[in-house]
Amino acid sequence: MVEIDLGEKMKENLFKSVEKTSKIFKNRDIITPHYTPEKLPFREKQIKEIITTLSVALKGSKPNNLFLYGKTGTGKTATTKLVLSDLKEFAKKEKKPVMAIYMNCRNYNSKYKVLAKIVQKFYPDKDFIGYSGSFIYEKMTDFCEKNKIQTIVGLDEIDKVKDVDELVYALTRANDELKKGGISIIGISNQLTFKDRLDPRTKSSLCGKELVFPPYNAKELTEILRERVEKAFQKDAVMESAINLAAAFAARESGDARTAVMLLLRAGELAEKKGMEKVTDQEVKDAKKSVEQEITMEMINTLPSQQKLVLYAISILTAQKKGVKKLGKSEEKGVLFSGEVFDEYKKIALSIKENPVSARWFRQYLDELEMYGLIFSTPSGKGVRGNTRLIKLGLEAATIKRILENDLGLDISLTVH
DNA sequence: CCTCCACAGGAAGCGCAGGAGT
DNA sequence: ACTCCTGCGCTTCCTGTGGAGG
């Protein structure tokens with residue numbers, strides 16, 4: 001009895017620390033990229049434009065198609081979702097025959113899947129999976145015609161649809177055929193090249209009206225962050241300068257609101273872990289570092305295994321200080337010839353019973369590694385015999401070595417040293 | 001100046017997996 | 001369920017290039 005009592009007193013529930021309210025966060029969800037804010041600063045122009053285009057649907061006529069273009073994190077998705085949900089709400093209240101459907105084409109990546117999704121929205125309690133494409137098409141047009149419905153379909157990441165031309169053609173044809181209803185498209189893409197891949201006819205019907213979402217500048221990002229911080233964090237939990245810094249980082253990188261938000265979220269988590277009551281500049285800086293490291297780790301981890309070995313060979317040679325080269329008079333550190341890297345790579349590959357790739361493909365790997373910014377290379381120039389590349393590691397050798405050894409398992413570090 | 005070195009990088013082709021068409 | 005086709009990763013072969021060395 002006594003023993004049990006003691007034990008229970010000493011034992012703390014594992015979830016206790018989670019349960020207690022945070023000193024930093026008030027509502028963590030609001031500072032995640034997933035969250036759709038109900039106010040979108042600096043997008044008034046775009047919102048107004050979309051509304052004027054769509055509002056004719058409330059009067060029973062067919063709106064023009066819209067095409068929204070802009071880089072990631074510029075508010076395309078948030079704007080579309082917001083406008084469509086408001087349109088839905090308004091139409092419901094006013095009893096107007098208007099439907100708004102939003103879907104991400106990463107999940108609905110073919111003409112068939114998109115049409116099936118639309119029809120499924122029309123008949124929520126029925127299941128049309130397995131029916132032929134033409135049957136679905138008929139169902140769709142029938143529903144619009146009979147109920148005199150104006151349908152707006154928001155197709156996010158429309159570039160992911162394999163047969164876009166057919167999809168757009170089918171939807172515009174449906175729209176033309178309908179006498180009493182209509183189907184309009186809002187296409188969303190972040191690829192500049194997407195438009196050029198389209199059939200000219202598709203292009204003219206889809207991109208008739210085009211809206212550009214420019215990247216945010218630092219001032220705008222600050223404003224956006226401030227608004228979110230107010231709702232997501234406790235009062236005065238984030239220093240003003242920390243917000244500015246996060247905005248400045250994100251603006252310099254891409255003008256992407258998503259990364260700005262992610263940065264603050266991470267900074268908040270760091271502050272919380274340290275038991276602090278305030279998020280300062282330092283946490284934002286650390287957050288940036290940790291995000292960057294995560295990105296490089298992610299990048300390295302998704303490399304083909306042979307390419308990992310190439311990178312590993314470079315990091316080993318660099319760590320062994322074999323990279324001190326005399327180039328004419330001057331001496332440079334951490335520089336390797338592509339030939340010696342290839343030899344080392346072959347050695348490593350053979351030692352773990354992997355077939356090394358050919359020299360030609362090895363060079364291709366080097367090109368890719370350079371594109372990712374993991375290595376730098378320059379033509380040899382004078383001081384070096386022959387025509388070769390001088391290779392330098394983009395990051396610290398020890399970091400990359402550690403990540404790779406972790407990733408590839410210990411078998412390498414045992415056989416090679 | 002020519003030759004050789006140590007590569008760079010284009011072109012063609014090969015085997016394979018996975019998607020489209022039937 | 002079947003073949004057919006296409007794209008991809010890779011090899012093989014080849015020509016080009018820039019400096020070192022004789």
Side-chain angles (χ1 to χ4, degrees), chain A residues 105-117 129-137 157-170 191 193-194 196-199 202 298-314 316-318 320 322-332 334-394 404 407-408:
Chain A
C105 295
R106 215 186 306 189
N107 305 323
Y108 304 97
N109 59 355
S110 70
K111 171 189 159 191
Y112 181 84
K113 285 179 186 168
V114 169
L115 295 189
K117 178 72 182 171
I129 295 165
Y131 286 75
S132 78
S134 51
F135 180 82
I136 301 252
Y137 179 84
E157 299 190 62
I158 193 169
D159 44 288
K160 292 284 186 305
V161 177
K162 280 178 251 167
D163 44 359
V164 202
D165 286 317
E166 277 86 49
L167 171 67
V168 174
Y169 176 71
Q191 284 183 31
T193 52
F194 168 69
D196 306 327
R197 292 208 311 264
L198 292 174
D199 187 288
T202 316
E298 181 63 24
M299 205 151 65
I300 291 175
N301 284 335
T302 51
L303 250 34
S305 61
Q306 291 292 331
Q307 201 164 10
K308 282 179 195 169
L309 294 180
V310 172
L311 190 60
Y312 189 63
I314 297 172
I316 280 194
L317 289 178
T318 308
Q320 285 174 354
K322 287 241 170 101
V324 186
K325 290 283 177 311
K326 286 156 276 167
L327 305 175
K329 289 171 215 160
S330 61
E331 215 175 60
E332 246 197 281
V335 184
L336 305 161
F337 297 145
S338 86
E340 65 179 331
V341 174
F342 184 58
D343 289 341
E344 178 71 16
Y345 153 72
K346 261 200 301 200
K347 235 171 64 191
I348 296 172
L350 290 173
S351 76
I352 59 164
K353 309 239 187 315
E354 288 271 349
N355 255 1
V357 296
S358 68
R360 180 67 189 88
W361 202 246
F362 164 81
R363 274 173 238 139
Q364 195 69 34
Y365 275 163
L366 289 183
D367 287 342
E368 280 170 30
L369 288 176
E370 183 164 22
M371 273 197 341
Y372 298 145
L374 293 168
I375 62 168
F376 300 112
S377 80
T378 46
S380 54
K382 59 187 172 185
V384 184
R385 189 158 208 265
N387 178 23
T388 180
R389 267 197 289 200
L390 301 173
I391 298 159
K392 231 175 154 177
L393 215 48
L404 280 168
D407 187 65
L408 295 162

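Lettering follows sequence order; numbering is per chain, from 1.
- Under the 4.5 Å side-chain criterion, counting only non-hydrogen atoms from C-beta, A:Leu369 is in contact with A:Leu303.
- In this entry the distance linking CD of A:Gln307 with C1' of C:dC8 reads 14 Å, nearest Å.
- A:Phe342 has its CZ atom 17 Å from the C1' atom of B:dC5, to the nearest Å.
- Of the candidate nucleotides C:dT17, B:dG9, C:dT12, B:dG9 has the atom lying nearest to any side-chain atom of A:Arg389.
- In the set C:dT17, B:dG9, C:dC10, the nucleotide with an atom closest to the side chain of A:Asn387 is C:dT17.
- The aromatic rings of A:Phe342 and A:Phe362 sit tilted, their planes meeting at an angle between 30° and 60°.
- At a threshold of 4.0 angstrom between heavy atoms, the contacts of A:Ser338 are confined to the sugar-phosphate backbone, with no base atom among them.
- A:Arg360 contributes a side-chain N or O that forms a donor-acceptor pair with the base of B:dG10 under 3.5 Å.
- Between A:Thr388 and B:dA6, a side-chain N or O to OP1/OP2 separation shorter than 4.0 Å is absent.
- Going from atom CD of A:Gln364 over to atom P of B:dG9 covers 9 Å, rounded to whole Å.
- Note on A:Tyr365: only backbone sugar-phosphate atoms sit closer than 4.0 angstrom, heavy atoms only; bases stay farther off.
- One can place OH of A:Tyr112 at 14 Å from P of B:dA20, the figure rounded to the nearest angstrom.
- Rounding to whole angstrom units, CD of residue A:Glu340 and P of B:dC5 are separated by 19 Å.
- Atom CG in A:Asn355 sits roughly 11 Å away from atom P in C:dT12 (whole-Å rounding).
- A:Leu336 has its CG atom 16 Å from the C1' atom of B:dA6, to the nearest Å.
- A:Asp367 is listed as a side-chain neighbour of A:Arg389, based on a closest heavy-atom distance under 4.5 Å.
- The closest side-chain heavy-atom distance from A:Ile375 to A:Leu311 is below 4.5 Å.
- Checking A:Val161, A:Leu167, A:Val164 one by one against A:Cys105, the side-chain contact (heavy atoms from CB on, under 4.5 Å) holds for a single residue, A:Val161.
- Rounded to whole Å, the distance from CG on A:Leu303 to C1' on C:dG9 is 14 Å.
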